[in-house]
Chemist: 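The following block contains the structure, expressed as structure tokens.
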There are 2 protein chains.
Amino acid sequence: MTSNKPDTRTRILQAALELLNLSQGKEVRMADIARKANVSRQALYLHFSTRTDLLIETTLYLDDIKGAEERLKASRTAKTGAERLNAFIETWGTYIPEIYSLARALLAMKDTDEAADKAWSQRMGDMREGCEAAINALQHDKALSPDYTAEQATDILWMMLSVRNWEQLTKDCTWTQEMYISTLKSLANNTFVAKEQTT
Amino acid sequence: MTSNKPDTRTRILQAALELLNLSQGKEVRMADIARKANVSRQALYLHFSTRTDLLIETTLYLDDIKGAEERLKASRTAKTGAERLNAFIETWGTYIPEIYSLARALLAMKDTDEAADKAWSQRMGDMREGCEAAINALQHDKALSPDYTAEQATDILWMMLSVRNWEQLTKDCTWTQEMYISTLKSLANNTFVAKEQTT
DNA sequence: ACAAGAACTTTACACTGTGTAAAGTTGAAA
DNA sequence: TTTCAACTTTACACAGTGTAAAGTTCTTGT
């Protein structure tokens, strides 16, 4: 039988997660996480080589909990390209707020910390593949707007769906999550789906 | 006659600017700036209370040099709303790369430093007014797409034109500056300018 | 000519947070 | 009972920001 009390490593990851969710914005320090996990600060370094490493591992842990991959894969079952585009926006748009606290911490380091930058870029690269798949599906349906190449369209969709944009719209512009999802769908559809020709 | 050798304060601002432009990405420290300006590190604190303060003052200095306000005001002379929208995108889009180094430094602090956040928000608030004016001009022409309210449209345009988006498109997606400008114009026009009705 | 003061320099140090180092404790397995 | 892994405890190096205070230098007014 698998023990139900989590091992130290997992407890640290959970502590990091909780603190990040709680202390919105404020820096979460190694000492804070250690205290929350009921281990010594030094013990963190037995499991994670640096703070950056710990945060990166925490994102992986979170993805695991949330079942990120399965969810994103699900959007591939849609029939038409347009449906697929909408499904992807819905899925990703719903996922963002769940990972936002952590994303924010990583984003804050991205500009100065090489490793954090790399980790974040990789994640965004994965997300980009989802954008690409949706755009390709549109193109396959001959439903991609002639205004953009598939690559350009991917770039633009990727831009639209960035975490920073979600942050700006829901925080600075105080949009609700529903508004965000529906408006981005509308925006993406207007932009990428070719207008029906009454030829 | 006004002395042509700049006073210490100005020399510090110039040094900060140069270093930020040069050392793309890497942190610029107070000691670095002091060295470059040929003053002691302590002298910086005689002119600026904190590093954040210095960076903020540097942005103001830069705006001054670049004539930011005059340029942005110029876009207001356009006749139609659509022209105005394009003029604004052109002006702002051209301005971004000129302030990018500094913007980047401020953005990096924004997430943790209260004062930096405030200063940046204020700047972006100013930029938002330009977006709002362009959208209002469109609405006045009855040329605003019925898909969005003026406020929503402003929010979306503001989002589209964010520095982070410029960064993503030109750095990650390796778009040229020309491509950025022309694509964003096309994007904004498609999104906000009402389709001509053949009623 | 001299005092006063502004604008620095120099030296020293406090503080925060990350990360390293090494010796000591504890509990379980062999 | 020893041995080992997984910790704890204590100590410290290091970077970078910001404070403090005494010393220098140059200018200016009287």
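Just so it is clear: chains get the letters A, B, ... in the order the sequence lines come, proteins before strands, and each one is counted from 1. All values below were derived from every heavy atom in this structure, side-chain atoms included, with hydrogens, water molecules and symmetry-related copies excluded.
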Chemist: Check the distance between C:dG17's P and A:Ile33's CD1 and give it to me in whole angstrom.
Modeler: 13 Å
Chemist: Would you call A:Arg164 and B:Asp111 a salt bridge, using N to O less than 4.0 angstrom?
Modeler: yes
Chemist: Taking atom C1' of C:dG17 as reference, at what distance in whole Å does atom NZ of A:Lys26 sit?
Modeler: 17 Å
Chemist: State whether B:His47 places a side-chain N or O below 4.0 Å from either non-bridging phosphate oxygen (OP1 or OP2) of C:dA7.
Modeler: no
Chemist: Go through it in stages, so that I can follow the logic: the residues are A:Thr191 and A:Tyr148, the test is side chain to side chain contact (heavy atoms under 4.5 Å, CB included), and I'd like the CA-CA distance, side-chain angles, deciding distance and then a yes or no.
Modeler: CA-CA 9 Å; A:Thr191 306; A:Tyr148 310 103; 3.8 Å; yes
Chemist: Output the rounded distance in Å from CG (B:Asp53) to C1' (D:dG18).
Modeler: 13 Å
Chemist: Counting just side-chain N and O atoms, does A:Thr8 come under 4.0 Å of either OP1 or OP2 of D:dC7?
Modeler: yes
Chemist: Rounded to whole Å, how long is the line connecting atom CZ of A:Phe48 with atom P of C:dG19?
Modeler: 13 Å
Chemist: Shortest non-hydrogen contact from A:Ile33 to A:Ala15?
Modeler: O-CB, 3.7 Å
Chemist: I want to verify a distance call: between D:dT17, C:dT9, C:dT20, whose nearest atom is closest to the B:Leu46 side chain?
Modeler: C:dT9
Chemist: What is the distance from CD1 of A:Ile12 to C1' of D:dC7, rounded to the nearest Å?
Modeler: 11 Å
Chemist: As a test of reading the structure: which of D:dT8, D:dT17, D:dA20 is closest to the side chain of A:Ser40, going by heavy atoms?
Modeler: D:dT8
Chemist: Please give, in whole Å, the distance from D:dA21 P to B:Tyr45 OH?
Modeler: 17 Å
Chemist: Hey, are A:Asp32 and A:Arg35 close enough for a salt bridge, meaning a charged N less than 4.0 Å from a carboxylate O?
Modeler: yes
Chemist: So, are A:Glu98 and A:Arg71 salt-bridged, with charged N and O less than 4.0 Å apart?
Modeler: yes
Chemist: What is the distance, rounded to the nearest whole Å, between atom CD of B:Glu27 and atom P of D:dA15?
Modeler: 15 Å
Chemist: Of the candidate nucleotides C:dA21, C:dT10, D:dT17, which contains the atom at the shortest distance from the side chain of B:Met30?
Modeler: D:dT17
Chemist: Can you tell me how far C1' of C:dA23 sits from CD of A:Gln42, to the nearest Å?
Modeler: 13 Å
Chemist: Nearest nucleotide by nearest heavy atom, which residue falls closer to the 5' end of DNA chain D, A:Arg41 or B:Arg41?
Modeler: A:Arg41
